[in-house]
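First the proteins, then the strands, lettered A, B, ... as listed; each starts at 1. Hydrogens, waters and symmetry mates are skipped; everything else that's a heavy atom, side chains included, is used. Remember, predicted model here, so these are calculated numbers, not experimental data.
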There are 2 protein chains.
Amino acid sequence: MLPLTPAVFHILLALANGEKHGYGIMQEVESFTQGQVKMGPGTLYGSVKRMLTAGLIEESEERPDPALDDSRRRYYRLSSLGRRVLHAEAQRLSDLVTAARARHLLNEMP
Amino acid sequence: MLPLTPAVFHILLALANGEKHGYGIMQEVESFTQGQVKMGPGTLYGSVKRMLTAGLIEESEERPDPALDDSRRRYYRLSSLGRRVLHAEAQRLSDLVTAARARHLLNEMP
DNA sequence: ATGGATATATCCATTGCGGATATATTAGGG
DNA sequence: CCCTAATATATCCGCAATGGATATATCCAT
C-alpha cells in the first residue's frame with residue numbers, strides 16, 4: 001500500500017487532527033503547505049473516493065453544532081486502517097529524512 | 001517541480017552518494033528500503049530519461065577502473081539543479097515528518 | 001560453452017493527478 | 001430582499017507516471 005501519493009498522505013494527515021469535510025481538508029492542506037501544494041477538487045474528491053473504497057477513511061454521520069454546520073458538507077474521519085497506514089508512511093518518510101540528513105542534504109535537527 | 005515522485009526521489013538520493021549506473025541505482029533503492037520498494041526497469045529507465053530531460057541528472061563520461069567496469073553501463077550523476085531540488089524535497093519531507101510527530105504518529109526522535 | 005546474473009531499453013495497460021466545468025447552497029453587503 | 005462571492009461537492013478528461021512484460025546483449029563462473 002506504500003508509498004502513499006502526496007495527496008493521500010496530506011488528506012490522512014489533515015484528518016489525524018479530527019474529522020473534517022472535503023473542502024476543509026483542501027483548505028488545511030493549502031494552509032499547512034503555505035500555498036505550495038494546492039489540491040484541486042479533482043484530486044481531492046477523486047482521492048477521497050478511492051480512500052473510502054480502500055477503507056482508509058470513513059464517512060462520519062455525526063454533525064457538529066447546527067449553527068456551525070452546512071448541510072452540504074460530508075465529514076470524514078480516519079479508519080483504524082488509515083491510522084496504521086499513516087503511521088507506517090510517516091515512519092517511512094522519517095527514514096528517508098534521516099538518510100538525507102546523513103548525506104548532508106539538510107540543515108540540522110528541526 | 002515538487003513534490004517529487006517516490007521513484008525520482010529515490011534515484012536522486014541514491015546518486016547523492018556519488019555517481020552510479022542504472023542497475024546499481026535499482027539495487028541500492030531495493031537494499032535501502034529493505035526490499036519494500038522494488039523499482040522495475042520500466043520505472044527506473046523511464047524516470048532516468050525524464051530526469052535527464054528535466055536536467056536533474058547528467059550522464060557522466062568518466063569510467064571507473066576498467067577492471068571493475070562494464071562496457072554496457074551508463075553512469076549518472078546529480079546536476080546542481082538536481083542537488084537543489086533534492087535538498088528542497090528533503091526539507092519538505094522533514095516538515096511533514098515534524099507535523100506527523102506533532103500528531104503523535106511517530107515514535108520519538110530517531 | 002553454457003547458463004545465470006547483469007545491464008539497458010521499449011511497450012503498454014492501469015492508475016493518479018489536476019484543471020475545467022457544472023451545480024447547488026450559504027452568507028453578507030447594498 | 002436581492003445579488004454576488006465564497007463555500008461545497010461532483011464529474012469529466014487529457015496527461016504523466018508507474019511497473020510488469022518483453023527483448024536483447026554482455027559479463028562471469030563453472
Side-chain angles (χ1 to χ4, degrees), chain A residues 1-12 14-15 19-31 33 35-54 56-61 63-76 85 89, chain B residues 1-12 14-15 19-31 33 35-54 56-61 63-76 85 89:
Chain A
M1 203 143 187
L2 305 185
L4 302 179
T5 66
V8 169
F9 184 75
H10 274 294
I11 293 171
L12 290 179
L15 292 179
E19 62 181 55
K20 283 186 181 55
H21 59 100
Y23 199 79
I25 295 170
M26 223 189 312
Q27 291 173 315
E28 171 141 333
V29 170
E30 199 160 327
S31 90
T33 63
Q36 288 176 31
V37 176
K38 284 164 195 160
M39 204 163 39
T43 303
L44 174 70
Y45 294 106
S47 298
V48 163
K49 186 179 285 188
R50 278 174 242 125
M51 291 165 78
L52 283 169
T53 301
L56 292 173
I57 59 177
E58 302 158 348
E59 185 164 359
S60 167
E61 302 308 326
R63 315 290 303 187
D65 182 354
L68 300 172
D69 198 18
D70 183 325
S71 64
R72 296 168 296 172
R73 291 180 178 168
R74 299 178 62 180
Y75 290 88
Y76 303 97
V85 168
E89 177 71 350
Chain B
M1 203 143 187
L2 304 186
L4 302 179
T5 66
V8 169
F9 184 75
H10 274 294
I11 293 170
L12 290 178
L15 291 180
E19 63 181 54
K20 283 188 181 52
H21 59 101
Y23 199 79
I25 295 170
M26 224 191 309
Q27 291 174 316
E28 171 140 333
V29 170
E30 200 160 326
S31 89
T33 63
Q36 287 176 32
V37 176
K38 284 164 196 161
M39 204 161 41
T43 303
L44 173 70
Y45 293 107
S47 297
V48 163
K49 185 179 285 186
R50 279 174 242 125
M51 291 165 76
L52 283 170
T53 300
L56 292 174
I57 59 176
E58 300 158 347
E59 186 164 0
S60 167
E61 302 308 326
R63 316 288 304 186
D65 182 355
L68 300 172
D69 198 17
D70 182 324
S71 64
R72 295 169 296 172
R73 291 179 177 169
R74 300 179 59 181
Y75 289 87
Y76 303 98
V85 168
E89 177 72 349

Contact list (N/O, under 3.5 angstrom) for nucleotides 14-17 of chain D vs protein:
unit_1, atom_1, unit_2, atom_2, d
D:dA17, OP2, B:R50, NE, 3.4

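- In this structure, C:dG18 forms a base pair with D:dC13, meeting either the Watson-Crick or the G-U wobble geometry with both donor-acceptor distances under 3.5 Å.
- The CD1 atom of B:I57 sits 15.0 Å away from the OH atom of B:Y75 when rounded to the nearest 0.5 Å.
- Put simply, the side chain of A:R73 never gets that close to the backbone of A:R63: no donor and acceptor are under 3.5 Å apart.
- Look at CZ on A:F9: it is 18 Å from P on C:dG16, rounded to the nearest Å.
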One character per nucleotide, please: for nucleotides 20-26 of chain D, 5' to 3', B when the base has a protein heavy atom closer than 4.0 Å, S when only the sugar-phosphate does, - otherwise. BB---BB
For A:L12 and A:E89: C-alpha separation, side-chain torsions, deciding distance, then whether side-chain contact (heavy atoms from CB on, under 4.5 Å) applies. CA-CA 10 Å; A:L12 290 179; A:E89 177 71 350; over 6 Å; no
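- When rounded to the nearest whole Å, the span between OH of A:Y75 and P of D:dA8 equals 8 Å.
- Atom-to-atom, CE of B:M26 to P of D:dG19 comes out at 13 Å; the value is rounded to the nearest Å.
- Look at OH on A:Y45: it is 16 Å from P on D:dC12, rounded to the nearest Å.
- Partners of A:Y45 according to the ring pair (Phe, Tyr, Trp, His ring centres under 6.0 Å) rule, which considers only residues two or more places apart in sequence or in another chain, do not exist here.
- A:R50 places none of its side-chain heavy atoms less than 4.5 Å from the side chain of A:V8.
- A:D69 places its CG atom 10 Å from the P atom of D:dA8, with the value rounded to the nearest Å.
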